A.B. asks: 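Here you go, one structure.
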Amino acid sequence: MKIRFWGVRGSIAAPGPDTAVYGGNTSCYEVRNAAGDLAILDAGTGIRAFGMSLLGKGKVKASILISHTHWDHIQGFPFFVPAFIPGNELSLYAPVQFEKTLQQIIAQQMDYSVFPVRSAELLAEIRYHNLPEGPFAIPGFSGFAKFVCHPVTTAGYRLEADDKSVVYTGDHERFFDQVHKNMPADQIDPDEQEAVAAMVDMQNAQMAKFCRNADVLIADSMYLDKEYPTKMGWGHSTVEMNIRLAIEAGVKHLVLSHHDPLRKDADLDGIATYARQLLDESGGQGIALSIAREGLVIEL
Ligand SMILES: [Zn+2]
Ligand SMILES: [Zn+2]
């Protein structure tokens, strides 16, 4: 299995001299099995350059797994040139939404009022799939979709091929008690609070199970614990949360990604040093660590 990183930024593209090393494009990861079958995790702005790299190399057949339909995860799709070429076959997957289908959301993103080409005019053969939680199969990979904690239905994906596995969290926050978060203390029923706490623990245990023994875990690590109090409920995890998750789940290689657009290259260099130290001090000496950057390739 081979993973190439095309976009590692969260929320919005952040180009410029301060982000040139790690890159400013939003989420997009290329995953290939040994036979060359192609899965693409998210279609953020990073997918544009990836699409250009595929030109002139024959028919493109790909499964595009969208973690969720926030802009930073779909915004590159209208600029993915292989979607405009007849004969290419693209299967798009996203978790089932309550209000709209994936096809409707992509069509909305390419509505004539905001984009010159309508999705119906794309010349590749495009299939849209709304994924429920659970196992699924795509050409070359067996997969599992796990719904995670984020302000819209969001799936993390586990892909397995050639006895190797990669887990991509999508945007995720460690599960927490959302019911009592803003409730005045005198209105809290202790029994109910305890019941919710037990459910939250179970959800976090399921997340660890989903990541169990993964060869690579690509995790949304937008914040640090010290920044988290004002970001709680925004749907993103911290570097420290993902370090604890990786250790608990026995992950072999942790990749911190979905960087805050405010993070400069120097900030991410500092996070690399800090995260390595924290892993070593916390029993994660055997876990490899990378800070996601455009152009990074991990071969398994
Ligand atoms: Zn995002
Ligand atoms: Zn999001």
Side-chain angles (χ1 to χ4, degrees), residues 3 5-15 19 22-31 39-50 64-80 92-102 104-106 108-109 130-131 133 145-157 166-176 178 203 207 210 217-224 227-228 230-239 241-242 245 254-263 267-268 271 291-294 296:
I3 307 160
F5 293 65
W6 292 93
V8 300
R9 197 60 59 168
S11 298
I12 191 164
T19 57
Y22 289 91
N25 282 295
T26 64
S27 302
C28 182
Y29 310 85
E30 170 190 0
V31 184
I40 302 170
L41 296 165
D42 274 330
T45 63
I47 202 171
R48 187 192 65 82
F50 177 36
I64 304 179
L65 300 161
I66 308 282
S67 63
H68 65 306
T69 51
H70 280 162
W71 270 343
D72 52 320
H73 299 258
I74 59 170
Q75 208 164 26
F77 184 70
F79 298 88
F80 184 57
L92 274 70
Y93 298 82
V96 173
Q97 306 283 333
F98 296 109
E99 294 174 347
K100 291 184 178 142
T101 65
L102 173 61
Q104 286 170 328
I105 296 166
I106 295 293
Q108 180 179 295
Q109 181 181 234
N130 296 283
L131 272 180
E133 190 166 37
K146 164 90 180 78
F147 288 7
V148 298
C149 178
H150 196 62
V152 68
T153 310
T154 301
Y157 292 111
V166 56
V167 172
Y168 171 53
T169 64
D171 288 8
H172 84 120
E173 183 168 3
R174 185 176 165 79
F175 288 96
F176 64 100
Q178 303 192 30
Q203 287 172 316
M207 189 67 188
F210 171 63
L217 170 63
I218 304 169
D220 161 18
S221 313
M222 198 143 164
Y223 303 122
L224 292 165
E227 298 162 325
Y228 184 63
T230 57
K231 318 286 187 187
M232 194 174 180
W234 290 19
H236 301 287
S237 282
T238 67
V239 167
M241 286 173 188
N242 287 319
L245 174 63
L254 172 63
V255 186
L256 305 175
S257 193
H258 200 271
H259 310 306
D260 188 314
L262 294 171
R263 293 262 194 261
D267 300 329
L268 291 170
I271 285 173
I291 308 297
R293 62 174 167 76
E294 285 176 33
L296 175 67

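All values reported here derive from a predicted model rather than from experimental measurement. Read the numbers this way: they start at 1 and go in the same order the structure lists the ligands and their atoms.
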A.B. asks: Answer with yes or no whether the side chains of His70 and Asp171 bring together a donor and an acceptor at under 3.5 Å.
C.D. replies: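 There is no such pair between these side chains.
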A.B. asks: Does the pair Met222 and Lys231 meet the rule for a side-chain contact (heavy atoms from CB on, under 4.5 Å), with working shown?
C.D. replies: CA-CA 10 Å; Met222 198 143 164; Lys231 318 286 187 187; over 6 Å; no
A.B. asks: Side chains of Glu173 and Tyr228 only: does a donor on one sit below 3.5 Å from an acceptor on the other?
C.D. replies: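 There is such a pair between these side chains.
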A.B. asks: So which of the N, O or S atoms of His150 lies nearest the Zn ion (ligand 2)?
C.D. replies: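 Answer by atom name: NE2.
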A.B. asks: Show your reasoning for whether ring-ring contact (aromatic ring centres under 6.0 Å, His included) applies to His73 and His258.
C.D. replies: CA-CA 10 Å; His73 299 258; His258 200 271; 5.4 Å; yes
A.B. asks: Check side chain to side chain contact (heavy atoms under 4.5 Å, CB included) between Ala145 and all other residues, then give those that pass, not counting sequence neighbours.
C.D. replies: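 By the side chain to side chain contact (heavy atoms under 4.5 Å, CB included) rule, Ala145 matches Leu131, Phe136, Ala155, Tyr157.
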A.B. asks: What's the separation between atom CD1 in Ile12 and atom CG in Asn25, rounded to the nearest 0.5 Å?
C.D. replies: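 The CG atom of Asn25 is 12.0 Å from CD1 of Ile12, to the nearest 0.5 Å.
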A.B. asks: Show all protein N/O/S atoms under 2.8 Å from the Zn ion (ligand 1), or state that there are none.
C.D. replies: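 Asp72 OD2, His73 NE2, Asp171 OD2, His258 NE2, with waters left out.
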